[in-house]
Amino acid sequence: MNNATHGDADDHRGSPPILKMLELAKVRKLTWLKEGSSTIQQQALRDLNQAFQNWWKRPDHFGRPTWPKAGINEGFVIRDLSVRRLNRKWGQVFIPKCGWVKFRVTREWRDIETALSA
């Protein structure tokens, strides 16, 4: 496996994100990565690139990017957000491969409706 999938520091230094996107497209055709969302994978590359840029510019402030640990700060991002309001206190968000999931409305509904991701 090449460095593009490992996130080595030398591999990301000065490398434009678009080159990583093109490499991802090639790797997706040949590996298990094709089963996942390309949008999410591309965003992960952009996030990794930004993390390395922050670290190189301010190593005293930002720690070196590391692999996530299972069970610690786990989460996910929903792109192309689709929400609907159930009542004053509750709404629903559509999560791909899960369906509609109920959530408590704790912000202004117009802010929730206009959000692009969560």
Greater than 12 external heavy atoms within 6.0 Å of Asp80's CG = no
Rounded distance (nearest 0.5 Å) linking atom CG of Leu45 with atom CD of Gln50 = 13.0 Å
Minimum heavy-atom distance Arg79-Ile40, with the two atoms named = CG-CD1, 3.7 Å
Check Lys102 against Gln92 and note the closest heavy-atom contact, atom names and distance.
-> CA-CG, 4.1 Å
Determine, using the 4.5 Å side-chain heavy-atom cutoff (strictly less than), whether Ile95 and Ile112 are members of one ILVMFWY cluster.
-> yes
What's the spacing between Glu108 CD and Thr114 OG1 if we round to 0.5 Å?
-> 11.0 Å
Could you list who else is in Trp90's hydrophobic cluster, with ILVMFWY side chains joined at under 4.5 Å, directly or through other members?
-> Leu86
Which pair of heavy atoms, one from Lys34 and one from Lys29, lies closest together, and at what distance?
-> NZ-O, 3.9 Å
Residues Trp55, Phe62; criterion ring pair (Phe, Tyr, Trp, His ring centres under 6.0 Å); working and verdict = CA-CA 5 Å; Trp55 178 53; Phe62 295 101; over 10 Å; no
Is there a side-chain contact between Arg84 and Trp100, using heavy atoms and a 4.5 Å cut-off?
-> yes
From Phe52 CZ over to Lys57 NZ, what is the distance, rounded to the nearest 0.5 angstrom?
-> 14.5 Å
Determine, using the 4.5 Å side-chain heavy-atom cutoff (strictly less than), whether Trp109 and Val93 are members of one ILVMFWY cluster.
-> yes
Nearest 0.5 Å, what's the OG-CG distance between Ser38 and Leu24?
-> 7.5 Å
Please answer whether the main-chain N or O of Val83 pairs with a side-chain N or O of Glu113 as donor and acceptor at a distance below 3.5 Å.
-> no
Heavy atoms only: give me the nearest Arg28-Gly36 pair and the separation to one decimal.
-> NH1-O, 3.0 Å
Cluster overlap Leu30 with Trp32, hydrophobic side-chain contacts below 4.5 Å | no
Side-chain (Arg85) to main-chain (Asn87) donor-acceptor, under 3.5 angstrom = yes
Mind checking the CG-CD spacing from Asp47 to Gln42? Nearest 0.5 Å is all I need.
-> 12.0 Å
If every non-hydrogen atom of Arg88 is compared with every non-hydrogen atom of Val105, which pair is closest and at what distance?
-> O-CB, 4.0 Å
Considering all heavy atoms of both residues, which atom of Ala118 and which atom of Leu81 are nearest to each other, and what is their separation?
-> CB-CD1, 3.9 Å
